[in-house]
Amino acid sequence: MRPFSEIIERLRLYYGPPAAPPAYGPFELVLWENACYLLPDARRLEVFQALRDKVGLNAAAIYAAPDRVLLPIALRGGMRPEMRVFRWREIARITLDQYNGSLDSILDQPYAEAKKALKQFPTIGDPGAEKILLLCGISGTLAPESNGLRVLCRLGWGHEQKSYQATYRSVQEALKPELPSQAESLKQAHLLLRVHGKTLCNDKAPLCHACPVSSDCTYAQSTAAIVRGR
């Protein structure tokens, strides 16, 4: 297998510079994660922008907003909109009560403490907290989300386990010796792997014939061998 840095460079040459979420700072990124459930990125963006334009992306405004404002926005985010509204208010409440309305203060804390702070929020576990810190420019780990995790498993870093958390840990451990130390390099790699997993290296029908890293991919090679054997 090629070094991780070479794989990422091939993806960068194929896709170009990847786009980061239009959310800035830990508070907005927690909201971004809670904008919708199992819907495309375009819908997540729609909900996030509506929340920004009609309410405001700050804790005080969200906490004070009535249901008649929040619920129509939450409906665009998929199933259980009432729970989504509850989570938005809970995010705002924690930020107001514990961080005086500004979650940016956690970025000055040691990594483990900042991660622990983020895990207080709805739906944010270890992978989500690590991803948010990475997108905020805090170097800790690659923090691959589900699409990037699938790509890395197929390439041969780590193994798919019975649980998502176990798979996540397996990939992180396998990658550790090869990861760059700079937060921006980690962020770019994270975003490129996500794009690749959502396009060519998708879950159900990966387009291995068009993949820029298929020659180094365990999954692509095994699939090709099966096809040749038919």
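Closest approach of F4 to P180, counting heavy atoms only: CE2-CD, 4.3 Å. Of all non-hydrogen atoms in P127 and A143, the two that sit nearest each other are O-CB, 4.3 Å. Nearest heavy-atom pair across Q98 and Q120 is OE1-OE1, 2.8 Å. Nearest heavy-atom pair, L75 versus P81, reported as atom, atom and distance to 0.1 Å: CD2-CG, 3.5 Å. What you find for N202 and R154 is that their closest heavy atoms are O-NH1, 2.9 Å. Of all heavy-atom pairs between A114 and Q109, the closest is N-OE1, 3.6 Å.
With hydrogens and angles ignored, the 3.5 Å screen pairs a side-chain donor or acceptor of R43 with a backbone N or O of R76. A distance-only check finds a donor-acceptor pair linking the side chain of Y164 to the backbone of S146 [under 3.5 Å]. In terms of modelled atom types and a separation under 3.5 Å, the side chain of S170 and the main chain of H159 share a donor-acceptor contact. Side-chain N or O atoms of N34 include one that pairs as donor or acceptor with a backbone N or O of P122 at under 3.5 Å. A distance-only check finds a donor-acceptor pair linking the side chain of R84 to the backbone of G77 [under 3.5 Å].
Follow the hydrophobic side-chain contacts under 4.5 Å out from F86 and you never reach I73; the two are in separate clusters. A continuous path of Ile, Leu, Val, Met, Phe, Trp and Tyr side chains, each step under 4.5 Å between heavy atoms, connects Y99 with W88, placing both in one hydrophobic cluster. Following chains of ILVMFWY side-chain contacts shorter than 4.5 Å, one can reach V69 starting from L57, so the two form part of one hydrophobic cluster. Put simply, L135 and L192 are part of two different groups of oily side chains (I, L, V, M, F, W, Y) that touch within less than 4.5 Å, one to the next. Hydrophobic cluster membership differs between L175 and L133, with clusters built from Ile, Leu, Val, Met, Phe, Trp and Tyr side chains linked at under 4.5 angstrom.
Side chains of T141 and Y111 form a contact here, defined as non-hydrogen atoms less than 4.5 Å apart. With contacts defined as side-chain heavy-atom distances shorter than 4.5 Å, the pair E130/Y168 qualifies. When side chains are defined from C-beta on, E28 does not count as touching P22, because their heavy atoms never get closer than 4.5 Å. No side-chain heavy atom of I132 sits less than 4.5 Å from a side-chain heavy atom of W32. Taking 4.5 Å as the limit, some side-chain heavy atom of T167 sits within range of a side-chain heavy atom of L149. In this structure, the side chains of P212 and L13 stay at 4.5 Å or more apart for every pair of heavy atoms. The shortest side-chain heavy-atom distance between N58 and T95 does not fall under the 4.5 Å cut-off. The shortest distance between side-chain heavy atoms of P18 and Q188 falls below 4.5 Å.
Taking CD of E113 as the reference point, atom CD1 of I106 lies at 11.0 Å (rounded to 0.5 Å). Atom CG in N147 sits 8.5 Å away from atom CG in D203 (nearest 0.5 Å). We find the CG-SG distance between L11 and C201 to be 9.5 Å, quoted to the nearest 0.5 Å. Once rounded to the nearest 0.5 Å, the distance linking CH2 of W157 with CD1 of I7 reads 5.0 Å. Once rounded to the nearest 0.5 Å, the distance linking NE2 of H209 with CG of L200 reads 8.0 Å.
Using a 3.5 Å distance cut-off with no hydrogens or angles, the side chains of T199 and Y15 do pair a donor with an acceptor.
Ion pairing between K176 and E173 holds under the 4.0 Å rule for side-chain N and carboxylate O. Here E90 pairs with R93 in a salt bridge; the nearest charged N to carboxylate O distance falls below 4.0 Å.
Between P144 and the options Q172, R194, R150, a side chain to side chain contact (heavy atoms under 4.5 Å, CB included) holds for only Q172. Partner K131 forms a side chain to side chain donor-acceptor pair (under 3.5 Å) with one of E145, H190, E33 and no other, that one being E33.
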